[in-house]
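Everything below concerns the one structure shown next.
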Number of protein chains: 2
Amino acid sequence: MRTTVKDVAKAVGLSTTTVSLVLNNKPNRIPEATRKLVLKAAKELNYRPNHIAVSMVTKKTHTIGLILPDISNLYFSELAKVIEEQCHKYGYNVLYGNTNGTLEHEFEYLNLFVDRSVDAVIMTVSSNYSETDVKRLYEIGETNNVPIMMVDRTLDDPRFMSVLLDQKLGGFLATSYLINLGHKKIACITGPKNLRISIERLEGYKSALGDAGLPFDRSLVIEGDFSVDSGSRALPYILGQNATAVFSLNDMMAIGVYRECRRYHLSIPQDLSIVGFDDIFIDEFLEPPLSTIAQPVQEIGKYAVKKMMSVLEGKKNPCTDAGDTKIFKPALKVRGSALKFTEKKQI
Amino acid sequence: MRTTVKDVAKAVGLSTTTVSLVLNNKPNRIPEATRKLVLKAAKELNYRPNHIAVSMVTKKTHTIGLILPDISNLYFSELAKVIEEQCHKYGYNVLYGNTNGTLEHEFEYLNLFVDRSVDAVIMTVSSNYSETDVKRLYEIGETNNVPIMMVDRTLDDPRFMSVLLDQKLGGFLATSYLINLGHKKIACITGPKNLRISIERLEGYKSALGDAGLPFDRSLVIEGDFSVDSGSRALPYILGQNATAVFSLNDMMAIGVYRECRRYHLSIPQDLSIVGFDDIFIDEFLEPPLSTIAQPVQEIGKYAVKKMMSVLEGKKNPCTDAGDTKIFKPALKVRGSALKFTEKKQI
DNA sequence: ATGGGTTGGTAAAATGTTTTACTAAACTAG
DNA sequence: CTAGTTTAGTAAAACATTTTACCAACCCAT
């Protein structure tokens, strides 16, 4: 059985109050001798406070809930790793939940976590929220007094803290790069059409086209769902449109394009240039290494928990006063999947 | 503020006892009318039990601790995903911690988690345990009455439950495949030398060699550390030994070999055949797709939590009577990274 | 010796539940 | 009508802490 405060109190013949006082080194006047005595006994009995009991009275669990769409996705697993790492540094543990991108799961985990009295929630929402959904989400945070932070994707509500990426800039960077290589017919494989990040990345694409005086051609964009397979499925269409380059809104779909190109005996980048988005681990090991838009995941994760900790330890009402959004800048990472456009490259 | 039992008790003019009784539908004789009344009030007030308080009295948190070396590693992130998924199905949440493979972190998280009264711990140990380490680990489990399950890698102690892979068989399968393709000089890139899985996979390698009447040549094995870079570093040595094939003890190092081969302008599998181990997600997207030994991660994860749940809900002392080890069989997954050996292939 | 301040502590409440042991009232059988 | 049984419910303890409010004893100065 675990040692309790009572046990150590009994061992030293003092009250639990005194023991608790020294163990939490409260600024009470406790003579050095007593302090030493208690500390020694606690150590000998291998006393470790029962965190549940502590939480009961302090109302703090030093736990944060992390709600992600899919931890087996490289981007999120890396994000999860940084976040856990950072939380750990601040003495916090993380409870995590996989939503598979469904609204029901997002709410389910949120409720589960507030029931467990997490001190805060960091989540990336992946489905479409109606106004009432947003309201419901906000209210859960408020009535439980747990600050909610959106990472990677946000809701249209300034009351939530958000740490995001400038998605539009990412789309712009990728597309401009392709344009500068001389490509005129640049296809775009999007994510689910009404998902924020799809829209924003696509806006970057349009804006780069516009800046270069190139027309935006609706028939060059095809909807995917961020999965490898949807990338594969998109290729025939893209080829049909005589595109010479493609901007894939994430790396997974780009991988799908790679795979399909092999089936068609097309080579990247000679026959088709491609740039992805996310900079997942495997990009550099693909053949050819995939050029992509890199998100500063490490910084994003670090910033997110740092901000959250300051909210948690700050004086302001963590829930209602916290809203604030930070936007990180993505960067183009040139590897080997895009080439200067030359006429003969047409198939 | 959250609604408490007191609130709903007050709302219906009954005692908290009664409310608790109906909410937990205990087999007490409570008239249907009262039951309905309470349920209705609870719903209207949006009552949700405070899990911390419940844990305080029931001594169950419905939380399991998951301790892994590196969640950004594809194998572990997938494992983590299944485990979380399954736990969720049983009504359990998971607290997770990343150890980066260090013993200190393993103990740190274990302690942290038992302090938080997790009901069980599932972990993969990655460092070398001395006898006293094992003893210490066991004692933490015992004094806190939390069953500990080793997954993927085990300690030499029958008291822990373990769910493992038949590593030796995996090594055997990979090597036999290469032998059957006609290779005689098969190099092996190992993991850290005294790690169990390194040893066991290597044993499979030796045994396949033996079965085929091929000599075991010490100079054909080179130590890696399971990282991509260590795979890359191993290539020149392997080439120096005139090996025509290599068995990499994990896929990451195989990826390192791929990368280095490109630098040497060698092509796989024409110039070098390779088979990996783990079957991580990206294997099929490499060029050529990597043949490997597949672990049934899904099944492993499912089995692990199923077993754990039966222990948790069983009558036997979960800690001391639980020991039991299940061993899953790996399978060879042939893709495109190995070729029949022919003399002209020598460089 | 009285009163004020300091020193070294402690008892008890509080946290939100579950659970045990009990009881008052109503009903039933003889 | 009474004794026993059932019905419908409750008070209080327990869980392991922290924290608040208090107190006794001692010391010191007047």
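All chains are named by letter (A, B, ...) in the order of the sequence lines, taking the proteins before the strands, and each is independently numbered beginning at 1.
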Separation of atom [atom1] in [X] from atom [atom2] in [N], rounded to whole Å:
| X | N | atom1 | atom2 | answer |
| --- | --- | --- | --- | --- |
| I30(A) | dT7(C) | CD1 | P | 13 Å |
| I52(B) | dT17(C) | CD1 | P | 11 Å |
| L21(B) | dT18(C) | CG | C1' | 9 Å |
| R116(A) | dG16(C) | CZ | C1' | 16 Å |
| K10(B) | dG16(C) | NZ | P | 12 Å |
| N25(B) | dT18(C) | CG | C1' | 14 Å |
| N24(B) | dG16(C) | CG | C1' | 13 Å |

Next on the checklist: For the SG atom of C87(B) and the CG atom of L66(B), what is their distance to the nearest 0.5 Å?
Outcome noted: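 Between atom SG of C87(B) and atom CG of L66(B) there are 8.0 Å.
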Checklist entry - NA contact type, K26(B), heavy-atom cut-off 4.0 Å: base, sugar-phosphate, or nothing? => result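 Result for K26(B) = sugar-phosphate.
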Next on the checklist: Base, sugar-phosphate or nothing for T17(A)? Non-hydrogen atoms, less than 4.0 Å.
Outcome noted: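 If one applies the 4.0 Å heavy-atom cut-off, T17(A) turns out to touch a base.
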Next on the checklist: By nearest atom, which of the nucleotides dG16(C), dT10(C), dT18(C) is closest to the M56(B) side chain?
Outcome noted: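 Of the options given, the side chain of M56(B) lies nearest dG16(C).
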Item to check | Shortest side-chain distance from K59(A), nucleotide among dG16(C), dT10(C), dT17(C) | outcome: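 Of the options given, the side chain of K59(A) lies nearest dG16(C).
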Checklist entry - Does anything in residues 31-50 of chain A reach DNA chain C, meaning a heavy atom under 4.0 Å, and if so which residues? => result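 Here the set is P31(A), T34(A).
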Checklist entry - Below 4.0 angstrom from OP1 or OP2 of dT17(C), is there any side-chain N or O of S20(B)? => result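 Result: no.
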Next on the checklist: Would you say that E106(A) contacts S126(A) through its side chain, given a criterion of any heavy-atom pair below 4.5 Å between the two side chains?
Outcome noted: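 Yes, their side chains come closer than 4.5 Å.
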Next on the checklist: Could you check whether any side-chain heavy atom of R136(B) comes within less than 4.5 Å of a side-chain heavy atom of T132(B), counting everything from C-beta outward?
Outcome noted: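 No - every pair of side-chain heavy atoms lies 4.5 Å or more apart.
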Main-chain N/O of [Y] paired to [X] side chain as donor or acceptor, under 3.5 Å:
| X | Y | result |
| --- | --- | --- |
| D115(A) | L112(A) | no |
| T102(B) | N100(B) | no |
| T58(B) | K60(B) | yes |

Checklist entry - Looking only at heavy atoms, what is the nearest atom pair of V311(B) and M161(B), with distance? => result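 Shortest heavy-atom separation between V311(B) and M161(B) comes out as CG2-SD, 3.8 Å.
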Next on the checklist: Show the nearest heavy-atom pair for residues L103(A) and N128(A), with the distance to one decimal.
Outcome noted: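 Heavy atoms only, the tightest pair is CD1-O, 3.7 Å.
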Checklist entry - Taking the six-membered ring of F328(A) as reference, does the NZ or CZ atom of K326(A) fall below 6.0 Å from its centre and within a 45° cone about the axis? => result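 Pair K326(A)/F328(A) counts as cation-pi.
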Checklist entry - Mapping A53(A) and L14(A) to their closest nucleotides on DNA chain C, which lands nearer the 5' end? => result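 Its nearest nucleotide being more 5', the pick is L14(A).
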Checklist entry - How do R29(A) and T58(A) order along DNA chain D: which one's closest nucleotide is nearer the 5' end? => result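 The 5'-side residue here is T58(A).
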Item to check | 5' to 3' contact window, DNA chain D with chain B (heavy-atom distance under 4.0 Å) | outcome: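 Extent of the interface on DNA chain D: dT7(D) to dA16(D).
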